[in-house]
Amino acid sequence: MAVMEAFCFLRFGGAFGTLGTAAIMAPSQRATAERSEEMCVAFALAALTEGGLVTMNHVPEAPQSASGDYAWLGAEPGSVADQLYMSAADEWNQAINSRFVNELLDDTLPESILKSYLIQDFKFFNQGIMAHAIELAPRQETKDMLAKQSQWFADNEATYFTGFLKEYGITDEEYNNSEQTPANREYCEYLTKLVQGTWEELITALCCMEWIYLAWAKRTIDAGVVQRIPAHKGWVDLHEGDYFRAWTGRLIALVNEYASVDGSEADVFRTIVHLERRFFEDSYPQR
């Protein structure tokens, strides 16, 4: 360790400083020097971390989906919900391991991207899909459960949006003048059509939307990592924990009761997963 430390000192601050020698190095020497620099950077980060000056909070990606992953939520192997989940496994994993999610969980998400995402998701949030689900629910107890959750969204998720939009200095004018991304627009258009469909289709869509958010937020819980940026932590907290797990479990139970893997609900589930993946991707400037 001491040898590497001395080498790094010479490399970056002494007679062999990179900026002073790169121009006169042969290609093979430059390649060796670049590899040495990488080693020095890794050494420096490790030393800082060991010294308690830097904490590296990386959240590993979720593994490939497998039947029974969410048996603890009611999606037992072979159940309707589990079969729907597995039918969209590849895109599901792409969504919950997307660049946006990775950077948010690692606290490396650029503020400009977060601001764009907050604007887009609040526009999406205001679509009012829950009202249609409550109207179509076949039992009063289900209507009451959905109405209670709708109020929870108003008290918690809506205030999250308004609070952080204000904190990041996003004015009403900026919000109103921000056009929907192509993915957001397509998603909202799809939901507008979907609410004219059946209860089975709508509850499948709601379940998928909430479930996939729990899935990406669960990654940080599994890793034991707590985000340090309040907006990141707040977004995770809204989509993980006993309350949100219970809510998602109730939706899964309704899908198992009413939906079918042979009906149109299967296409709905896969379409929602696809649109969620694209929504994350569209948080970044598109070329």
Side-chain angles (χ1 to χ4, degrees), residues 61-98 101 121 124-125 127-139 141-143 145-146 149-150 182-219 239 244-282:
E61 291 192 352
Q64 188 63 38
S65 300
S67 178
D69 281 345
Y70 292 89
W72 53 277
L73 268 186
E76 298 178 352
S79 65
V80 172
D82 182 70
Q83 291 182 68
L84 294 176
Y85 164 68
M86 290 305 298
S87 74
D90 289 343
E91 236 176 341
W92 179 286
N93 275 76
Q94 292 171 23
I96 69 172
N97 292 322
S98 64
V101 172
D121 213 6
F124 178 84
F125 174 81
Q127 292 303 303
I129 184 174
M130 284 292 286
H132 295 281
I134 295 169
E135 180 182 352
L136 292 176
R139 296 192 299 259
E141 63 182 286
T142 305
K143 292 179 184 290
M145 182 270 287
L146 294 173
Q149 184 63 27
S150 182
N184 194 358
R185 184 166 56 251
E186 182 181 345
Y187 205 159
C188 291
E189 289 172 354
Y190 177 74
L191 293 181
T192 298
K193 296 177 182 178
L194 191 65
V195 296
Q196 306 303 318
T198 66
W199 156 255
E200 291 81 5
E201 292 171 337
L202 191 53
I203 198 59
T204 298
L206 270 174
C207 178
C208 184
M209 293 160 68
E210 301 296 78
W211 189 356
I212 201 168
Y213 262 63
L214 171 64
W216 70 251
K218 181 177 177 292
R219 285 177 49 197
H239 299 100
F244 197 79
R245 289 184 176 204
W247 155 242
T248 306
R250 287 191 288 270
L251 292 175
I252 287 174
L254 289 171
V255 165
N256 283 335
E257 181 178 359
Y258 291 104
S260 168
V261 294
D262 299 321
S264 57
E265 303 92 283
D267 287 334
V268 169
F269 194 94
R270 288 189 291 268
T271 300
I272 293 295
V273 172
H274 171 75
L275 292 170
E276 290 287 356
R277 178 186 62 78
R278 290 197 53 231
F279 195 102
F280 285 136
E281 291 176 350
D282 265 15

Report task. Heavy atoms only: give me the nearest Val261-Gln83 pair and the separation to one decimal. Result -> CG1-CB, 3.6 Å
Query raised in the report: For the residue pair Leu251 and Leu206, what are the closest heavy atoms and their distance?
Result: CD1-O, 3.8 Å
Query raised in the report: Passes ring pair (Phe, Tyr, Trp, His ring centres under 6.0 Å), Phe124 versus Tyr190? Steps please.
Result: CA-CA 12 Å; Phe124 178 84; Tyr190 177 74; over 10 Å; no
Query - Heavy-atom donor-acceptor pair, Asn256 side chain to Ala75 backbone, under 3.5 Å - result: no
Report summary line: Value for CD (Gln64) from CG (Asp90), rounded to nearest 0.5 Å, stands at 5.5 Å
Report task. Hey, could you give me the CD/CG distance between Glu186 and Leu191, rounded to the nearest 0.5 Å? Result -> 10.5 Å
Query raised in the report: Are the side chain of Lys143 and the backbone of Pro138 linked by a donor-acceptor contact shorter than 3.5 Å?
Result: no
Query raised in the report: Between Glu201 and Glu265, is there a donor-acceptor pair closer than 3.5 Å when you use the side chain of the first and the backbone of the second?
Result: no
Report summary line: Heavy-atom closest pair (Ala62 atom, Asn97 atom, distance to 0.1 Å) is N-OD1, 2.8 Å
Query - Closest contact, heavy atoms only, Val80 versus Val255 - result: CG1-O, 3.9 Å
Query raised in the report: Between the side chain of Asp282 and the main-chain N/O of Phe279, is any donor-acceptor distance below 3.5 Å?
Result: no
Requested in this report: Would you sort out whether Trp211 and Leu84 count as a side-chain contact (heavy atoms from CB on, under 4.5 Å), showing the intermediate values?
Outcome: CA-CA 12 Å; Trp211 189 356; Leu84 294 176; 5.9 Å; no
Query raised in the report: Under 4.5 Å between any side-chain heavy atoms of Trp92 and Glu276, yes or no?
Result: no
**Report entry** Backbone N/O of Leu146 and side chain of Ser150: donor-acceptor pair under 3.5 Å
**Finding:** no
Query - CD on Glu200 to OH on Tyr258, rounded to 0.5 Å - result: 8.5 Å
Query - Rounded distance [0.5 Å steps], OH in Tyr187 versus OG1 in Thr271 - result: 10.0 Å
Report task. Look only at the side chain of Asn93 and the backbone of Ser65, and say whether a donor-acceptor pair between them is shorter than 3.5 Å. Result -> yes
Report task. Quick one: closest heavy-atom pair of Cys208 and Val273, and the distance? Result -> SG-CG2, 3.4 Å
**Report entry** Met145 side chain reached by Glu141 side chain, heavy atoms, under 4.5 Å
**Finding:** no
Query raised in the report: Between Asp82 (side chain) and Gly68 (backbone), is there a donor-acceptor pair under 3.5 Å?
Result: yes
**Report entry** Option among Arg270, His274, Arg278 that satisfies the side chain to side chain donor-acceptor pair (under 3.5 Å) test with Glu91
**Finding:** His274
Query - Test log, rule side-chain contact (heavy atoms from CB on, under 4.5 Å), inputs Arg219 and Val101 - result: CA-CA 10 Å; Arg219 285 177 49 197; Val101 172; 3.4 Å; yes
Requested in this report: Give, for atom NZ of Lys193 and atom SG of Cys188, the distance between the pair rounded to the nearest 0.5 Å.
Outcome: 13.0 Å
Query raised in the report: Tell me, do Trp216 and Ile212 make a side-chain contact under 4.5 Å, heavy atoms counted?
Result: no
Requested in this report: Go through Tyr70 and Trp72 one step at a time and tell me if the ring pair (Phe, Tyr, Trp, His ring centres under 6.0 Å) criterion holds.
Outcome: CA-CA 5 Å; Tyr70 292 89; Trp72 53 277; 5.8 Å; yes
**Report entry** Atom pair CZ (Phe269) and OG (Ser264), whose distance is rounded to the nearest 0.5 Å
**Finding:** 14.0 Å
